[in-house]
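Computation of the quantities below employed the complete heavy-atom set of this structure, encompassing side-chain atoms and omitting hydrogens, waters and symmetry-equivalent molecules. Since the model is a prediction, treat every value here as computed from it, not as a measurement. Numbering of residues begins at 1 and proceeds along the displayed sequence.
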Amino acid sequence: TQQWDGAYVHLDKLLEILPDTAEAWPAVVSRQIMVLGHLNRLTEARRLFVQSARRSPANRKRFASAYEDIIAVRLKYLIEEEEYVKAYNEAVSLLEVIPDSEVALRCLINMSQTLKYDDEFHRYAELGYNLYPEVPYFIVKQAISLQEQGRNTEALALLDPRNNSDEYANPQLTAAYSGISQEWATHLMENKMPDIAMEVIDSALIHDSNNRELLYTK
């Protein structure tokens with residue numbers, strides 16, 4: 001019935017009497033973290049997560065998931081309100097306590113791009129890819145980061161379907177490969193290297209033969 005104050009009181013009483021060895025203790029902690037989120041008592045939720053994870057490392061992932069969920073709601077709200085700097089800072093704080101947080105990394109990458117924090121974008125894109133090398137989102141962002149650093153060959157190699165044949169059906173990867181190829185070919189043409197530009201375009205068309213931008217550029 002969303003009576004969060006009442007739920008908090010009852011869960012708090014349980015936490016006072018339950019030892020951390022009790023079978024129910026991790027569930028109670030996770031629920032309390034969730035309730036604190038609904039009460040917008042995020043500092044207390046963070047403290048409870050950190051303290052509980054120290055007391056029971058075996059349940060850290062469970063507590064982390066509960067804390068990550070409430071911060072994800074907060075980040076979504078801030079982004080919808082266009083409070084991009086606040087969202088960025090909240091994600092930094094989340095990453096401090098959950099160093100492999102996918103929620104934090106996605107937010108940091110997106111906000112870095114939005115705020116034009118170029119160095120941070122490159123850093124978080126690389127970190128996200130290193131932690132989640134099979135997730136298309138992080139593959140694409142790392143490829144874009146490499147492209148922005150002028151490392152187009154590496155960017156395309158990262159996305160090359162011959163290296164990721166099982167995953168390449170994902171449209172995100174196809175679009176990124178085509179987009180980077182098209183931009184690189186345009187740059188090559190501007191620098192009077194049409195032969196190399198044609199090679200880049202032809203390579204992309206093998207995997208995305210109906211892409212209008214690629215065909216127009218060719």
Side-chain angles (χ1 to χ4, degrees), residues 72 75-76 78-92 94-95 99-218:
L75 292 173
K76 184 175 183 293
L78 290 172
I79 292 169
E80 288 174 350
E81 294 296 310
E82 298 184 1
E83 296 278 3
Y84 301 132
V85 175
K86 288 184 179 179
Y88 177 88
N89 291 334
E90 287 272 8
V92 168
L94 176 58
L95 199 66
D100 61 347
S101 169
E102 189 171 346
V103 168
L105 286 167
R106 284 175 179 264
C107 182
L108 287 167
I109 290 169
N110 291 337
M111 292 301 96
S112 294
Q113 287 184 293
T114 300
L115 296 166
K116 301 189 185 306
Y117 294 170
D118 294 339
D119 290 343
E120 285 77 5
F121 169 63
H122 299 320
R123 178 159 63 93
Y124 291 123
E126 183 177 14
L127 177 59
Y129 175 70
N130 287 338
L131 288 170
Y132 301 100
E134 306 301 322
V135 176
Y137 171 85
F138 292 111
I139 297 172
V140 169
K141 292 301 183 180
Q142 174 65 350
I144 292 172
S145 173
L146 291 169
Q147 178 198 20
E148 290 184 1
Q149 297 174 66
R151 298 159 63 184
N152 292 284
T153 302
E154 293 175 64
L156 292 179
L158 190 68
L159 294 162
D160 194 326
R162 287 166 293 189
N163 298 328
N164 301 279
S165 56
D166 293 337
E167 299 177 49
Y168 207 73
N170 187 295
Q172 294 179 59
L173 301 180
T174 303
Y177 192 93
S178 298
I180 291 173
S181 296
Q182 196 273 332
E183 289 183 25
W184 188 19
T186 300
H187 174 75
L188 289 166
M189 287 189 294
E190 290 170 352
N191 287 275
K192 305 187 186 307
M193 290 184 279
D195 292 338
I196 301 175
M198 186 64 79
E199 290 176 10
V200 171
I201 290 295
D202 282 341
S203 178
L205 283 169
I206 291 172
H207 316 295
D208 197 5
S209 59
N210 295 318
N211 185 294
R212 291 184 180 184
E213 289 293 327
L214 292 174
L215 290 167
Y216 177 79
T217 302
K218 179 169 180 175

Pairing donors with acceptors under 3.5 angstrom, does anything connect the side chains of Asn110 and Tyr137?
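Per modelled atom types, Asn110 and Tyr137 side chains form a pair under 3.5 Å.
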Just checking, is any N or O donor in the side chain of Glu199 or Ser203 under 3.5 Å from an acceptor N or O on the other one?
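Per modelled atom types, Glu199 and Ser203 side chains form no pair under 3.5 Å.
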Contact summary for [X] and [Y], nearest pair of heavy atoms:
X: Ser209; Y: Leu215; result: O-CD1, 3.8 Å
X: Leu105; Y: Gly128; result: CD1-CA, 4.0 Å
X: Leu158; Y: Gln142; result: CD2-CG, 3.6 Å
X: Ala72; Y: Val103; result: CB-CG1, 3.9 Å
X: Ala91; Y: Leu75; result: N-CD2, 4.0 Å

Determine whether [X] and [Y] make a side-chain contact, defined as any pair of heavy atoms from C-beta on separated by less than 4.5 Å.
X: Ile79; Y: Cys107; result: yes
X: Val140; Y: Ile144; result: yes
X: Gln113; Y: Lys141; result: yes
X: Lys218; Y: Asp202; result: yes
X: Tyr117; Y: Val85; result: yes
X: Tyr177; Y: Asp208; result: no

Got a second to check how far [X]'s [atom1] is from [Y]'s [atom2], nearest 0.5 Å?
X: Leu156; Y: Gln147; atom1: CG; atom2: CD; value: 8.0 Å
X: Glu213; Y: Glu183; atom1: CD; atom2: CD; value: 10.0 Å
X: Glu126; Y: Ile109; atom1: CD; atom2: CD1; value: 11.0 Å
X: Leu146; Y: Thr153; atom1: CG; atom2: OG1; value: 10.5 Å
X: Asn89; Y: Met111; atom1: CG; atom2: CE; value: 12.0 Å
X: Phe121; Y: Ser145; atom1: CZ; atom2: OG; value: 5.0 Å

Could you tell me whether the side chain of Asn191 and the main chain of His187 form a donor-acceptor pair under 3.5 Å?
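Flag set: sc Asn191 to bb His187 pair under 3.5 Å.
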Could you check whether any side-chain N or O of Tyr132 sits under 3.5 Å from a backbone N or O of Asp100, counting only pairs where one atom can act as donor and the other as acceptor?
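Judged by distance alone, yes, a pair lies under 3.5 Å.
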Could you tell me if Arg106 sits above the aromatic ring of Phe138, with its cationic atom closer than 6.0 Å to the ring centre and no more than 45 degrees from the axis?
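The answer is yes; both the distance and angle limits are met.
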Which residue, Val200, Asn211, Leu205, forms the side chain to side chain contact (heavy atoms under 4.5 Å, CB included) with Ser181?
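Among the candidates, only Val200 passes.
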Between the side chains of Glu90 and Lys86, is the shortest nitrogen-to-carboxylate-oxygen separation below 4.0 Å, so that they form an ion pair?
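No, Lys86 and Glu90 are not salt-bridged.
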Between Tyr124 and Val92, does the side chain to side chain contact (heavy atoms under 4.5 Å, CB included) criterion hold? Intermediate values first, please.
CA-CA 11 Å; Tyr124 291 123; Val92 168; 4.1 Å; yes
